[in-house]
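To start, the structure itself, in structure tokens.
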Amino acid sequence: MDAPRGIPAMEKFDELMNGLDARQRQAVTHKGGPLAVIAGPGTGKTRVLTMRVCYLVCFRGVDPSRVLAITFTNQAAGEIRERLRSLLPRDTSPPRVTTFHQWALDFLKGLPGREDFNPVDEAGARDLLRQAASRTNMDPRAFYRMAEEISLARQHWPLSALEEDAERVLDEYVSLLRKYHLWDYDDLILEAAEVLTGDKDLRDQVRGSLPHVLVDEFQDVSPAQYRLVRCLAQAASEITVIGDPDQAIYGFRGASPEFLREFQRDFHPVTTLRLKSCYRCPQVVLDAAQGVLNRDKGLESRVGQGKKIVFRSFRHPSAEAGWVADTIEKTAGGLSFDAINFGRAGMDETMPLDSIAVLFRARVLGNEVSDALARRGIPFQRADRRDPLAELGLLPAHHLLEAARDRNRDYHLGRLSRLLDKAKHERIWFFLQRVSGLNGADLLEETATFLGLERDSAQMMILKRFASEAGEAASLALFCRNEADLLDIKVEAVRLMSLHAAKGLEFPVVFLIGCDQGILPWEGVPVDEEQRLFYVGLTRAARRLYLSASGRKSLLGRRLAGGFSPFLRAIPSHLLEEKEQKASKYRKPNKPRQRSLF
DNA sequence: GTGCGGATTCTTTTT
DNA sequence: GAATCCGCAC
């Protein structure tokens with residue numbers, strides 16, 4: 001075995017190792033055979049993962065290029081990369097940390113004959129699917145359903161069966177993708193798994209080069225992703241998977257906590273370690289959360305008992321939203337005249353706005369809170385991630401640029417025919433002629449002029465940054481996706497997001513709104529996954545947790561029965577502090593738009 | 001700014 | 001099938 005490398009980081013590493021508890025240390029230093037780490041909320045999952053990588057490289061002398069850490073999101077990958085950078089000695093080349101999709105993309109692009117394939121953005125994929133559906137003359141209303149079914153089927157391995165017409169549409173869709181040399185996100189995983197499954201030599205080669213694979217958030221792997229994991233690691237390797245079956249909330253896209261069990265079978269014998277010390281949530285929160293899952297022991301808090309969970313109920317969502325906004329105002333230390341007037345009775349400490357999160361089951365449920373916060377002038381940020389390119393209004397710019405550079409021109413022109421108005425679309429050939437041979441800032445300038453972008457618009461800012469920072473070969477789509485992450489964070493604002501989006505995050509103060517019958521659990525879906533979703537919501541809270549029922553009467557055209565979420569009953573009552581609402585306040589629903597009348 | 005009609009979305013969503 | 005969004009005409 002090599003001598004330990006990188007002496008400068010050693011002291012720090014020792015110090016960090018001493019900061020770990022016994023179980024964490026065991027996971028970090030495990031040697032010999034596959035390892036599964038079951039890591040409940042706040043038990044130091046990411047820390048164990050990064051420290052283990054560091055341990056492998058620095059102490060076991062593993063070549064960093066033979067270590068691969070896989071995550072689900074770019075953000076998670078970025079965080080791990082960042083932590084590794086500070087842990088590993090400067091002169092060590094950092095190991096590869098990437099997402100499933102990025103790994104698959106790089107792998108596929110390295111294969112002969114596919115160098116000029118590219119991933120298609122979400123809007124583009126939908127467009128092609130629509131094209132495929134239009135050829136078989138189907139009811140346009142059924143399209144939405146079918147799109148979901150097709151995508152779900154493609155998460156499975158092998159592909160699950162589809163209805164006959166869906167099958168036809170899928171075939172047509174895939175041939176369109178291939179014609180334009182495009183992969184959609186599902187393709188990346190499927191293709192990579194397919195290629196590796198069918199080519200033993202290649203599989204052995206990949207496996208041989210990667211004795212150490214680590215997979216984060218393992219409970220979220222889809223069947224196809226699990227297949228890929230099996231291709232990457234042989235049973236005898238030191239593969240490490242980290243996850244928490246109690247936080248499995250992506251069943252609707254094919255994930256299943258089952259794969260943790262399957263992993264233990266397929267990679268037998270697996271060493272399984274459970275992390276039980278929670279460094280995030282107070283005991284009160286843990287007990288409540290475990291009550292929801294019908295467990296009574298398991299996680300132990302290392303941050304104390306904590307305050308009771310506040311529960312309040314309302315007769316109307318706008319009343320709930322008003323209360324949330326008022327409570328936030330007080331918690332944040334008074335931002336308006338009112339807050340100063342009312343004082344901060346009952347508030348023990350003040351919090352910066354970005355330490356506060358409002359969580360909800362479905363996107364629309366955040367609207368009233370957005371309105372209430374806007375009315376009070378409290379800055380907030382909704383983390384409703386969608387296609388950043390479309391959101392920024394840069395879809396036409398992207399396709400124009402790609403067409404101008406003659407990369408897959410047919411495809412991009414096809415998309416532009418739907419995106420541009422008639423007048424512009426008629427001038428498109430003139431535009432292409434005009435910009436031929438141009439590149440860099442000149443090309444962007446012409447594109448912006450053609451589209452009529454305002455000089456100081458957000459779009460222009462991004463285009464300028466794109467021109468100066470990105471290379472000539474980069475696509476605007478990719479640039480925006482990476483930028484969007486950077487632009488999002490760091491703002492001092494209350495965070496509003498869905499329960500799903502909150503997974504993996506923590507906030508000192510958490511509001512979980514809409515704890516009503518019919519919302520949590522959502523009607524018509526498996527209850528156990530909803531339970532876990534509620535569990536995830538509760539365990540985001542590091543200090544204070546507020547639950548509320550909105551009294552909402554209807555949702556998306558569906559009538560609600562009324563009454564509280566049954567999950568609340570599963571919380572032992574001594575953990576709850578039930579506050580009665582004052583009837584006079586928080587009553588009248590008024591839309592902020594009406595204010596413009598005065 | 002208003003109003004109309006057609007398109008699109010609809011629970012959760014990353015890539 | 002209802003709600004919302006978007007482009008377009010006024």
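Each chain gets a letter, A, B and so on, in the order the sequences are listed, and its residues count up from 1.
Mapping A:Arg130 and A:Phe72 onto DNA chain B by nearest heavy atom places A:Arg130 closer to the 5' end of the strand.
Look at the P atom in both B:dT12 and C:dC5: the space between them is 14 Å, to the nearest Å. One C1' atom belongs to C:dA3, the other to B:dT14, and the distance between them is 27 Å to the nearest Å.
Of all nucleotides in DNA chain C, those with any atom nearer than 4.0 Å to a heavy atom of chain A start and finish, going 5' to 3', at C:dG1 to C:dC8.
The A:Leu556 side chain lies nearest to B:dT11 when the options are B:dT11, B:dT12, B:dT15.
Here A:Phe252 packs flat against the base of B:dT12; its ring centre is closer than 5.5 angstrom to the base's six-membered ring, tilted by less than 30 degrees.
Contacts between residues 239-248 of chain A and DNA chain B, defined by a heavy-atom separation under 4.0 Å, are absent.
A:Phe100 comes within contact range of no nucleotide atom at all, as no heavy-atom separation falls under 4.0 Å. A:Arg532 comes within 4.0 angstrom of no nucleic acid atom, judged by non-hydrogen atoms across all strands. A:Val525 comes within 4.0 angstrom of a base, heavy atoms only.
Judged by atom type and distance alone, A:Arg363 does not reach the base of B:dT11 through any side-chain donor-acceptor pair under 3.5 Å.
The ring pair (Phe, Tyr, Trp, His ring centres under 6.0 Å) with A:His500 is formed by just one residue from the set A:Trp522, A:Phe534, A:Phe252; it is A:Phe252.
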